[in-house]
Amino acid sequence: MQINRHYLDLKDSYLFATIAKKVNAYQSANPQAKLIRLGIGDVTLPLCQEVIQALHGAVDEMAVKETFRGYAPDEQGYPFLKQAIREYYAGHGVKLEENEILVSDGAKSDLGNILDIFSEDNTVLIPDPVYPVYVDTNVMAGRKVLFMDATEENGFLPLPDRSVKADLIYICSPNNPTGAVYTREQLKEWVGYANEQGAIILYDAAYECFIQDEKLPRSIFEIEGARTCAIEFCSFSKMAGFTGTRCGYTTIPNELVRDGQSIQKLWLRRQTTKFNGVAYIVQKAALAVFTAEGQRQIKENLGYYMENARTIARAMEEMGIWFTGGEHSPYIWLKCPNGMKSWDFFDLLLEQANVVGTPGAGFGKNGEGFFRLTAFGDKQSTVEAVERMKKLLK
Ligand code: PLP
């Protein structure tokens with residue numbers, strides 16, 4: 001009997017555990033300290049009323065023989081929800097077929113599980129710093145990982161280097177942790193590169209709902225040529241507060257073929273074999289996000305977070321601190337002042353301002369010297385936190 005020994009190659013993730021340990025130790029030693037947490041990557045506002053009503057309605061349907069639902073359909077998502085997602089995409093100029101959208105329990109599972117359908121011999125290209133799931137899921141399969149440097153110089157938006165050969169390319173825009181967003185022209189370069197190489201772009205659009213400027217692409221499929229080289233992952237988590245409710249969707253165009261095989265058909269085969277679909281109740285809740293009233297309500301919540309983001313971004317500008325994000329993203333990625341290292345800045349903020357953030361070094365080697373603040377906190381606390389930071393760093 002042998003285990004999958006690639007799991008032994010995984011680096012332990014100390015980031016959030018170390019943060020919790022440091023915060024708890026500080027709070028025990030200073031019980032009177034009023035800590036403000038601007039490190040949270042989870043949403044904090046409750047589900048909107050439209051979604052709650054849909055959930056109640058769907059629960060009642062499940063209580064009646066005539067409207068009770070068992071296993072979800074094999075197509076991975078009820079037609080009512082796929083149709084609504086299609087219309088949502090059409091709203092930003094992207095035409096999709098219903099069968100190209102596959103509903104799931106979130107972007108994280110799909111980003112990890114999609115690797116089942118690709119050879120372990122593929123080389124993957126991953127930005128550094130980035131959401132750690134991309135690296136770990138590939139390490140688990142023993143795949144070779146190449147990193148592309150996201151730095152202050154390129155605004156944390158690396159572009160293709162044609163001397164590098166890769167089969168799978170991860171792009172996350174708006175990015176976690178840097179909040180940086182690719183422009184249409186920049187994504188065109190990636191699409192051109194992927195098509196030349198026969199590579200596939202795994203495009204993580206989990207934060208597309210935070211994009212404020214219509215000129216910035218919300219979907220890779222807004223870019224000509226993307227239908228032959230990209231898969232898009234999206235989620236209701238940040239868009240509508242579904243982090244604990246769980247629903248997402250992955251889009252694979254009919255034209256995406258490699259090795260003579262339809263990638264979408266392989267993914268459908270994988271999903272129907274290993275996944276029995278998203279709860280009917282949850283899909284009805286997701287549908288409610290797309291009604292006119294649902295859209296109005298989720299935009300109110302997103303607006304609340306974006307106001308926090310602006311509060312933090314404005315404070316950075318006032319202090320003359322270099323940063324990315326905050327405009328089309330709930331994340332503000334700042335350069336630690338005076339050349340400080342990420343963890344030293346973490347300690348300084350914790351001890352001198354009682355503000356908790358996330359050290360950039362936890363997201364990859366290029367994150368050293370940077371720091372992530374998030375807009376998911378409470379409005380009053382966010383205002384108070386930046387006042388404390390301004391006092392400390394002036
Ligand atoms: N992708 C990115 C970049 C994220 O930051 C997250 C969650 O924080 C996810 C995907 C996961 O989303 P979901 O809740 O849909 O699994």
Side-chain angles (χ1 to χ4, degrees), residues 13 15-16 19 37-45 47 51 76-77 81 85 88 101-115 124 126-138 150 156-158 168-182 201-211 218-220 230-251 271 275 277-279 282-283 285-286 289 298 301-302 305 309 324-326 328-333 358 360 362-364 367 372-377:
S13 173
L15 180 62
F16 291 101
I19 292 173
R37 292 164 202 270
L38 292 190
I40 334 158
D42 197 356
V43 293
T44 52
L45 293 174
L47 294 171
V51 166
Q76 305 299 308
L81 181 55
I85 295 170
Y88 178 68
I101 301 161
L102 296 99
V103 174
S104 72
D105 63 348
K108 189 184 203 173
S109 1
D110 281 10
L111 280 158
N113 294 334
I114 197 89
L115 296 173
V124 299
I126 301 179
D128 172 353
V130 88
Y131 183 53
V133 167
Y134 310 154
V135 177
D136 286 354
T137 49
N138 278 289
F156 286 91
L157 294 167
L168 293 169
I169 303 159
Y170 286 83
I171 297 181
C172 178
S173 177
N175 189 276
N176 178 13
T178 72
V181 190
Y182 278 106
I201 294 172
L202 303 175
Y203 191 81
D204 186 345
Y207 296 93
E208 59 80 27
C209 55
F210 290 96
I211 292 181
R218 282 167 161 248
S219 162
I220 186 85
I231 299 175
E232 181 158 296
F233 302 86
C234 211
S235 168
F236 291 91
S237 282
K238 307 298 156 86
M239 183 214 259
F242 273 51
T243 51
T245 306
R246 309 304 307 147
C247 196
Y249 47 97
T250 289
T251 304
Q271 289 295 76
F275 179 58
V278 180
V282 171
Q283 294 198 49
V289 169
I298 64 156
N301 287 359
L302 291 170
Y305 297 135
T324 54
H328 308 287
S329 158
Y331 299 122
I332 289 90
W333 178 253
T358 313
F363 296 100
R372 191 189 77 172
L373 294 175
T374 81
F376 291 122

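It should be emphasised that the depicted structure is a prediction, and the values quoted were computed from it without experimental measurement. When a ligand or atom number is given, it counts from 1 through the structure's own listing order.
- Residues N113 and S109 bring no donor and acceptor atom of their side chains to less than 3.5 Å of each other.
- Looking from atom 8 (O) of ligand 1 to the surrounding protein, the closest heavy atom is K238 NZ, 2.9 Å.
- Of all the heavy atoms of A107, the ones lying under 4.0 Å from any atom of ligand 1 are found in both the backbone and the side chain.
- Between D136 and Y131, the side chains place no donor N or O within less than 3.5 Å of an acceptor N or O (distance only, hydrogens not considered).
- Note: Y305 and F376 have perpendicular aromatic rings, judged against thresholds of 30 and 60 degrees for the angle between ring planes.
- In this structure, the protein non-hydrogen atom closest to atom 11 (C) of ligand 1 is Y131 OH, 3.3 Å.
- Considering backbone and side-chain N/O atoms, K108 comes within less than 3.5 Å of an N/O atom of ligand 1.
- A donor-acceptor contact closer than 3.5 angstrom is absent between the side chains of R218 and Y207.
- Between the side chains of E208 and S219, no donor-acceptor pair is found at a separation under 3.5 Å.
- Using modelled atom types, one finds no donor on one side chain facing an acceptor on the other under 3.5 Å when comparing N175 with Y182.
- The distance criterion of under 3.5 Å between nitrogen or oxygen atoms is not met by T243 with respect to ligand 1.
- Ring to ring, Y249 and F233 are not that close: their centroids are 6.0 angstrom or more apart.
- Under the 4.0 angstrom criterion for non-hydrogen atoms, D204 is in contact with ligand 1.
- Proximity to R246 (heavy-atom distance under 4.0 Å) selects the following atoms of ligand 1: 13 (P), 14 (O), 15 (O), 16 (O).
- Of all the atoms in ligand 1, the ones that sit under 4.0 Å from a non-hydrogen atom of S235 are 13 (P), 15 (O).
- Contacts of F233 with ligand 1, taken as heavy-atom pairs under 4.0 Å, are absent altogether.
- One N or O on the side chain of Q283 and one on the backbone of V278 form a donor-acceptor pair closer than 3.5 Å.
- In this structure, atom 14 (O) of ligand 1 lies nearest to the protein heavy atom S237 OG, 2.6 Å.
- Ligand 1 lies nowhere less than 4.0 angstrom from a heavy atom belonging to F242.
- Distances shorter than 4.0 angstrom occur between a heavy atom of C172 and an atom of ligand 1.
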